[in-house]
Visitor: 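Right, I'll just put the structure down here and ask away after.
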Protein chains: 2
Amino acid sequence: MYFVLLFYFIFATPMKKKATIHDIARELNINASTVSRALADSPRVKEKTKKLIQEKAAEMGYSRNHLASNLRTQRTHTIGVIVPNISRHFFSTVIGGMEEIVSEQGYNLIICQSHDSAEREAQLVDTLLANQVDGIILSIATEQSDGSHIQRIEASGKPVVFFDRECKTIQGHNVLIDDFSRAYELTDSLIQNGCRHIVHLGGNSEASIYQDRLRGYKDALEKNNIEFQEDWVFKSRLKQLDGQEIAQQLLAKDKMPDAIFSANDVAAIAAMEVLQKAGIRIPEEIKVFGFSGEPISAYTSPALSTVNQNPNLMGQKTAELLLDQINGTQLPVHNTIIPSEIIIRQSSLKTD
Amino acid sequence: MYFVLLFYFIFATPMKKKATIHDIARELNINASTVSRALADSPRVKEKTKKLIQEKAAEMGYSRNHLASNLRTQRTHTIGVIVPNISRHFFSTVIGGMEEIVSEQGYNLIICQSHDSAEREAQLVDTLLANQVDGIILSIATEQSDGSHIQRIEASGKPVVFFDRECKTIQGHNVLIDDFSRAYELTDSLIQNGCRHIVHLGGNSEASIYQDRLRGYKDALEKNNIEFQEDWVFKSRLKQLDGQEIAQQLLAKDKMPDAIFSANDVAAIAAMEVLQKAGIRIPEEIKVFGFSGEPISAYTSPALSTVNQNPNLMGQKTAELLLDQINGTQLPVHNTIIPSEIIIRQSSLKTD
DNA sequence: ATTAAAAATACAATCGATTGTATTTTGTGT
DNA sequence: ACACAAAATACAATCGATTGTATTTTTAAT
């Protein structure tokens with residue numbers, strides 16, 4: 001037995017026991033509650049003993065155990081964030097914006113990726129709730145789901161804010177851009193530049209953003225007296241491969257479109273490359289318009305027209321809204337619209 | 001008093017008290033410890049009562065409180081990650097790789113940004129330690145520091161792995177690429193393509209990666225009998241603005257260089273744009289080589305030569321190494337080198 | 001039926017900090 | 001010096017789950 005202890009101390013020395021308030025209390029012949037109050041700078045402790053305790057704490061390398069503190073106070077100062085994919089520029093920028101806001105108030109973010117899987121998203125929600133986060137920020141997976149995990153958040157009473165993808169399962173705060181208007185504007189811009197046969201690369205039709213972009217497209221066609229054609233719409237996950245495949249399909253057709261409106265930049269760029277390799281000139285023969293404002297879009301040749309979604313601002317607003325809820329400033333549930341604008345570049349311009 | 005309670009229940013209804021193991025125990029006239037064991041599927045509980053308990057738990061919507069559990073077990077299954085900036089493609093991809101690995105073993109990541117400030121980094125380290133993370137992954141800020149916060153990690157006995165930026169403060173695991181060799185190779189490649197006057201845009205000279213890239217550059221010059229000139233090296237933070245300013249400085253000189261080796265892509269692209277706007281043709285008059293493999297580099301015109309750092313793999317290896325340490329598989333401290341390769345594109349090619 | 005062994009469950013301490021209440025100490029006025 | 005209020009500190013319960021030990025119940029063997 002002693003042998004084992006010896007063994008333990010020799011080989012596991014890094015495992016130093018951290019000092020607790022009780023250790024400090026013992027050293028000073030004082031009660032732990034006083035130590036706790038002193039370290040919290042409570043007026044209930046005499047200045048002199050406060051100083052004594054704080055010095056001893058520093059000397060012993062004390063650091064408050066947040067687990068214990070959080071358990072007692074029922075607050076963790078931690079916010080759970082679930083996004084489809086952290087390495088997409090849009091999302092990492094949104095998160096950057098959130099971080100700016102929450103860190104000012106001493107909050108931390110736990111960031112998780114759903115990879116657009118509803119099942120994983122549900123898992124993550126449960127983990128976050130079990131970890132007692134103070135609130136959840138969620139960009140819902142495009143994959144269809146019964147929304148039961150969303151209801152679990154609601155049942156927990158924890159504040160939640162949705163961004164980018166609107167939540168229809170429960171009444172909650174959504175921070176969005178006006179996908180419909182931007183889609184309308186960009187489609188209209190293509191038409192003004194002479195396009196009459198505009199193909200749309202759309203995303204999962206369960207997701208509100210893709211529904212709205214499609215609606216904007218349809219509406220612009222209608223207003224310009226262009227008949228909407230079902231087979232001009234290609235639905236996919238809008239990954240690089242999807243863009244490439246759809247471009248191939250277009251190349252195989254008798255009649256090529258004179259424009260492509262892709263619901264994201266990744267697919268737009270992929271399609272553009274395939275078309276160009278096949279000898280098609282952009283924007284002369286086909287104009288292309290993307291969506292989501294990836295930084296790459298400025299560097300493609302020709303530069304890709306797209307939509308700036310102000311992701312940093314979106315992150316800030318989302319975080320502010322959540323903190324307001326956490327702090328009890330009960331705001332009426334509503335949707336916040338973040339300003340956005342279409343960016344017209346070479347790829348969609350008229351050429352004479 | 002009752003009135004206050006009434007008020008509370010009417011207006012704060014979302015605040016539902018979650019069921020605890022004690023609640024379940026009370027309902028079943030059983031002891032909480034048995035409930036705890038049943039939910040952990042311990043063999044010490046009869047199958048019949050286990051089922052009873054699990055059903056009741058489900059019925060009451062029970063969910064384990066990780067705070068309490070973590071406090072007792074002294075493990076949080078949470079890993080703290082500190083990176084300079086989450087929205088840089090390299091880092092978000094590294095994090096993606098980490099997440100793939102740790103989520104398999106039921107771990108979560110707390111992701112923080114240091115913005116390359118040593119002070120903020122130190123703060124974050126303390127917060128993470130106070131939150132009792134099971135380990136820390138760190139890409140050290142380039143800003144100089146006394147390294148005291150690194151020593152605090154060591155003192156805590158918590159496992160730590162460094163990646164991308166080597167830690168010289170303490171002996172620890174580092175996951176790196178061979179910056180020296182890649183810098184050597186790319187400089188040599190420029191020389192083979194006829195360049196004799198190669199300017200280097202370097203980063204903070206405290207950071208090992210920038211030291212090594214500079215060394216590779218110097219070494220390649222020396223091996224090719226080209227005299228190293230101090231004023232060919234421009235040190236900066238390698239942001240967009242830095243690249244632009246340095247390009248302006250170059251334009252103002254009597255004799256322009258015939259190549260630029262930038263220690264990152266952002267500065268390389270910024271410089272390239274300024275030079276091109278001034279009428280200089282790339283790669284005909286000046287060849288440019290970047291570093292870090294930003295996706296944008298493939299889309300600039302001309303496409304930018306760069307170095308692929310395999311960030312996803314780097315994240316995976318880093319996470320594996322940390323988990324090994326957490327799980328007690330004590331590996332000897334060492335540096336892990338992730339394969340990397342130079343990507344030669346249009347911007348650095350010889351033109352005849 | 002008796003009893004030892006094995007199985008199942010109950011008890012109680014613990015993790016570390018917080019906080020309402022009780023107690024002791026200090027200070028003031030007379 | 002005494003009473004009394006105010007200030008400072010101590011006590012003890014609590015947050016919710018875990019776990020070593022003690023106790024009760026069940027099973028099996030004689």
Visitor: So, taking the atom named OG in B:Ser63 and the one named CZ in A:Arg152, what distance separates them when rounded to the nearest 0.5 Å?
Guide: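 CZ of A:Arg152 is found 9.5 Å from OG of B:Ser63.
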Visitor: Output the distance between atom CG (B:Asn108) and atom CD1 (A:Ile111), rounded to the nearest 0.5 Å.
Guide: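 It comes to 11.5 Å.
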Visitor: Run A:Glu27 and A:Ile24 through side chain to side chain contact (heavy atoms under 4.5 Å, CB included) and show every step you take.
Guide: CA-CA 5 Å; A:Glu27 291 269 320; A:Ile24 298 175; 5.7 Å; no
Visitor: Take the protein atom NZ of A:Lys46 and the nucleotide atom P of C:dT24, then report the distance between them rounded to whole Å.
Guide: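 That distance rounds to 17 Å.
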Visitor: Over how many whole Å does the gap from A:Lys48 atom NZ to D:dA7 atom P extend?
Guide: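 Those two atoms, NZ and P, are 17 Å apart.
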Visitor: Using a 4.0 Å cut-off on protein heavy atoms (strictly under), produce a 5'-to-3' string for nucleotides 10-17 of chain C with B for base contact, S for backbone-only sugar-phosphate contact, and - for none.
Guide: BBBBBBBB
Visitor: Only one of A:Val81, A:Ile79, A:Leu322 forms a side-chain contact (heavy atoms from CB on, under 4.5 Å) with A:Met98, so which one is it?
Guide: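 In the set A:Val81, A:Ile79, A:Leu322, the residue that makes a side-chain contact (heavy atoms from CB on, under 4.5 Å) with A:Met98 is A:Val81.
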Visitor: Whole Å only: how far is the CG atom of B:Leu52 from the P atom of C:dA8?
Guide: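 Computing the B:Leu52:CG to C:dA8:P distance gives 15 Å.
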Visitor: Which ring pair (Phe, Tyr, Trp, His ring centres under 6.0 Å) pairs, counting each pair once, include a residue from residues 134-176 of chain A, with sequence neighbours left out?
Guide: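 Counting only pairs at least two positions apart or across chains, the ring pair (Phe, Tyr, Trp, His ring centres under 6.0 Å) contacts touching residues 134-176 of chain A are A:His173-A:His334.
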Visitor: Atom CD of residue position A:Glu119 - does it have more than 12 heavy atoms of other residues, nucleotides or ligands inside 6.0 Å?
Guide: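 No - once you tally the heavy atoms of other residues, nucleotides and ligands closer than 6.0 Å, there are 12 at most.
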Visitor: Considering every strand and a 4.0 Å limit on heavy-atom distances, what is the contact class for B:Val35: base, sugar-phosphate, or nothing?
Guide: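 Contact class for B:Val35: none.
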